[in-house]
Amino acid sequence: MTVIEINDLRKSYQGRLAVDGVSLTVGRGEIFGLAGPNGAGKTSVVECVSGLRRPDGGTVRVLGLDPHGGDRRALQQRIGTQLQVAALPDGIKVGEALRMYASFYDEPADWRALMDEWGLTGRKGSRFAALSGGWKQRLFIALALVGDPEVVLLDELTTGLDPDARRTTWGLVRAMRDRGVTVVMVTHFMDEAEALCDRVAIIDAGRVTAEGTPRELIGRAGAASLEDAYFTLTGRDRA
Ligand SMILES: Nc1ncnc2c1ncn2[C@@H]1O[C@H](COP(=O)(O)OP(=O)(O)OP(=O)(O)O)[C@@H](O)[C@H]1O
């Protein structure tokens with residue numbers, strides 16, 4: 001079953017085209033990766049899917065609903081978003097943030113269990129400003145899950161996490177998928193995309209330049225790994 005359907009999506013900023021006719025479909029329970037160079041338009045695509053940005057052209061449907069239409073509130077209850085640039089008040093404590101976010105949803109997950117799952121219980125009383133980058137990241141991931149979403153959008157999920165936390169995170173993303181949650185994740189780490197994603201789209205200059213399972217992309221590029229395939233498929237040489 002198709003959960004996300006993006007058709008000919010276009011988005012410009014001050015007359016400059018950032019997303020130039022992207023079409024993608026994501027099925028239920030898939031982990032779908034968006035990769036590509038800085039400024040390619042990945043975040044803009046995710047933000048149009050989440051309802052944060054209004055597309056200039058094309059259509060987006062999530063769970064059959066328009067993120068920018070009258071069903072917006074109903075859809076927000078079913079999507080969890082972890083954004084690249086996110087902020088909380090400096091003084092808010094980890095436990096307070098989770099409890100507050102849970103209150104936004106009609107049927108939230110058990111925020112205490114989530115806090116435990118993400119190793120945050122020992123930091124329940126820590127203030128946001130005092131957390132390291134990696135702990136802030138974990139908190140944002142937990143906040144994305146607190147509404148018990150059917151669709152989760154993760155933008156550079158593991159940036160700033162140490163190798164151990166990265167691997168733990170992969171396990172948790174797989175566990176989400178195994179529960180039937182559909183995951184769209186932007187990543188710059190090709191090892192991560194290869195290990196975790198069922199399908200990957202490479203976006204370059206606002207367009208999808210390649211799409212397939214990691215195995216298909218590796219095969220198409222005649223490469224040994226997805227990282228090697230990335231360089232071949234984007235036409236970029238390794239430094
Ligand atoms: N609010 C904005 N105002 C003006 N230009 C923007 C805005 N947001 C994004 N852009 C531009 O749109 C293009 C695509 O940006 P976007 O953040 O979607 O790319 P990205 O692939 O997610 O990049 P990165 O990998 O660096 O996060 C870039 O040229 C960026 O500078």
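Just follow the structure's listing: the first ligand is 1, and inside any ligand the first atom is 1. Keep in mind the model is a prediction, meaning the values are calculated, not measured.
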Self-check item: Ligand-side contact atoms (ligand 1) for residue partner Arg16, heavy atom cut-off under 4.0 Å
Solution: 29 (O)
Name every donor-acceptor pair, under 3.5 Å, that has one atom in a side chain of residues 111-122 and the other anywhere in the protein, sequence neighbours excluded.
| residue | atom | partner | partner atom | Å |
| --- | --- | --- | --- | --- |
| Asp116 | OD1 | Thr121 | OG1 | 2.8 |
| Thr121 | OG1 | Asp116 | N | 3.4 |

Quiz item: Are any of the N/O atoms in Gly36 less than 3.5 Å from those in ligand 1?
Solution: no
Practice problem: Give a yes/no verdict on a cation-pi contact between Lys11 and Tyr13, requiring under 6.0 Å between NZ or CZ and the six-membered ring centre and an angle within 45° of the axis. | Solution: yes
Quiz item: Quick check: does any side chain N or O of Asp56 sit under 3.5 Å from a backbone N or O of Ser12, one acting as donor and the other as acceptor?
Solution: yes
Quiz item: Short list, please: which atoms of ligand 1 are under 4.0 Å from a heavy atom of Ala40?
Solution: 19 (O), 20 (P), 21 (O)
Quiz prompt | Residue portion contacting ligand 1 (non-hydrogen atoms closer than 4.0 Å) for Glu156 | solution = side chain
Exercise. Would you kindly confirm whether Val26 and Met185 end up in one hydrophobic cluster when ILVMFWY residues are joined by side chain heavy atoms under 4.5 Å apart?
Key: no
Self-check item: For Gln14, atoms of ligand 1 separated by under 4.0 Å from a heavy atom
Solution: 4 (C)
Quiz item: By salt bridge (Lys or Arg N to Asp or Glu O under 4.0 Å), which residues pair with Asp66, not counting sequence neighbours?
Solution: Arg61
Self-check item: Proximal atoms of ligand 1 relative to Thr43 (non-hydrogen, under 4.0 Å)
Solution: 17 (O), 18 (O), 20 (P), 22 (O), 27 (O)
Quiz item: From Lys42 NZ over to Asp204 CG, what is the distance, rounded to the nearest 0.5 angstrom?
Solution: 9.0 Å
Self-check item: ligand 1 contact by Gly206, heavy-atom criterion under 4.0 angstrom
Solution: no
Self-check item: Value rounded to 0.5 Å, distance of CG in Leu131 from CG in Asp90
Solution: 10.5 Å
Practice problem: Please verify whether a non-hydrogen atom of Lys11 lies at under 4.0 Å from ligand 1. | Solution: no
Quiz item: Mind checking whether Ala18 has an N or O less than 3.5 Å away from an N or O of ligand 1?
Solution: no
Quiz item: His188 heavy atoms, cut-off 4.0 Å: which ligand 1 atoms fall inside?
Solution: 25 (O)
